[in-house]
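Quick note on labels: first sequence line is chain A, next is B, and so on, each numbered from 1. For the numbers below, each heavy atom of this structure counts, side chains included, while hydrogens, waters and symmetry mates do not.
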Protein chains: 2
Amino acid sequence: MPQGPDFNVLTATCPSRTSLARIANKWTAMVVIALSGGRMRFRDLRTTVDGISAKVLTETLRDLERDGLVARHVYAEMPPRVEYELTPLGRTLHTPLQALGRWAEEHITEVLAARETYDGRR
Amino acid sequence: MPQGPDFNVLTATCPSRTSLARIANKWTAMVVIALSGGRMRFRDLRTTVDGISAKVLTETLRDLERDGLVARHVYAEMPPRVEYELTPLGRTLHTPLQALGRWAEEHITEVLAARETYDGRR
DNA sequence: CAGTATCCTATCGGATACTG
DNA sequence: CAGTATCCGATAGGATACTG
């Protein structure tokens, strides 16, 4: 079964690393998780991804759109309405990122305990 | 089946978000992927995670150690030898992070094409 | 509403020099 | 070897004000 050129994120010059840098990011993870339920408006994304600023949300969405992970739908209404949704490619990213989010939620107790220990013994 | 307090990374003040910020990070992903093969010395990590600086590698390892994901083993030799390995907790993180790395490698062609399109039509 | 523009601070991260 | 210390430029990201 033929594969294309073998990419490796551990190689500094490999283009796949630029993609890893985008997806291995907390804001990206949260936005993709938020969008997994379906199309969302900008405003709803802002409230769902609690604490994200308009600037960061805009930048994150633009980068995801550029990489083909998110599609942007503009409605010529007044007031304006813009919806975002995961593309088919973006949907393939949902499982790994969701897994990361769930890991954080499920293991936070252990992590907090570890931090306590680490900070305490010193 | 009882669960503890329900943590949610989408909530700004939830402690699990601090953990997500750590693990949803390109350097963290690369270091964990590199360590999945077993114990490694600092120097070998530096060459395996191509392009990482001593400073960033040190900081990443310290943070992972603090969160209980990496164990540090110091040998009182000359020259000194220090080895790092994933803890049991850290090993549970390998699958999701490896998945992210593989995603980047497997989809980089599509991502690059999307960027071309995005940058071109403008 | 869905942004953009601007300003400013904090953190990231590289380069270099030095130590046990 | 495995760091630490320091300096410094680049980027992330918040706050505020403004626009179509």
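Nearest nucleotide to the A:S53 side chain, out of D:dC7, C:dA2, D:dG14: D:dG14. Looking at the side chain of B:K55, the nearest of the listed nucleotides D:dC7, D:dG3, C:dC7 is D:dC7. Taking the side chain of A:R62 as heavy atoms from C-beta on, and the options C:dG13, C:dC1, C:dG3, the nearest nucleotide is C:dG3. Closest to the side chain of A:Y84, out of D:dA2, D:dG13, C:dG3, is C:dG3. The side chain of A:V56 lies closest to D:dG13, out of D:dG13, C:dA2, C:dG13. When distances run from any side-chain atom of A:W27 to the nucleotides C:dA2, C:dG13, D:dG14, the shortest one goes to D:dG14. The side chain of A:P80 has C:dC1 as its nearest neighbour among C:dG14, C:dC1, C:dT4.
Rounded to whole Å, atom P of D:dC1 lies 14 Å from atom CE of B:M40. In this structure, A:L45 atom CG and C:dC1 atom P are separated by 14 Å, rounded to whole Å. The distance from atom CG of A:L61 to atom P of C:dC1 is 16 Å, rounded to the nearest whole Å. Per the geometry, CG belonging to A:L57 stands 16 Å off C1' belonging to D:dA15, to the nearest Å. Distance A:F42 CZ to D:dG20 P: 18 Å, rounded to the nearest Å. Rounding to whole angstrom units, CD of residue B:E65 and C1' of D:dG3 are separated by 13 Å. The CE atom of A:M78 sits 11 Å away from the P atom of C:dC1 (whole-angstrom rounding). In this entry the distance linking NZ of B:K26 with P of C:dG14 reads 7 Å, nearest Å.
Remark: A:R72 is in phosphate contact with C:dG3, judged by side-chain N or O atoms under 4.0 Å from OP1 or OP2. Regarding contacts with the backbone of D:dA2, a side-chain N or O of B:R41 is found under 4.0 angstrom from either OP1 or OP2.
Taking CG from A:L69 and OG1 from A:T60, the interatomic distance works out to 12.0 Å, rounded to the nearest 0.5 Å.
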Intermediate values then yes/no, salt bridge (Lys or Arg N to Asp or Glu O under 4.0 Å), B:D67 and A:R115: CA-CA 5 Å; B:D67 281 9; A:R115 287 181 190 172; 2.7 Å; yes

Side chain to side chain donor-acceptor pair (under 3.5 Å) between B:R17 and B:T11, worked out: CA-CA 8 Å; B:R17 189 180 278 193; B:T11 303; over 6 Å; no

Audit row: B:H73, B:E85, side-chain contact (heavy atoms from CB on, under 4.5 Å) steps and yes/no: CA-CA 8 Å; B:H73 304 282; B:E85 69 172 341; 2.8 Å; yes

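Residues A:P79 and A:A54 both approach DNA chain C. Their nearest nucleotides, taken by heavy-atom distance, put A:P79 toward the 5′ side.
Remark: D:dT19 base-pairs with C:dA2. Criterion, Watson-Crick or G-U wobble with two distances under 3.5 Å.
Using a cutoff of 4.0 Å between basic side-chain nitrogens and carboxylate oxygens, B:D119 and A:R66 are scored as salt-bridged.
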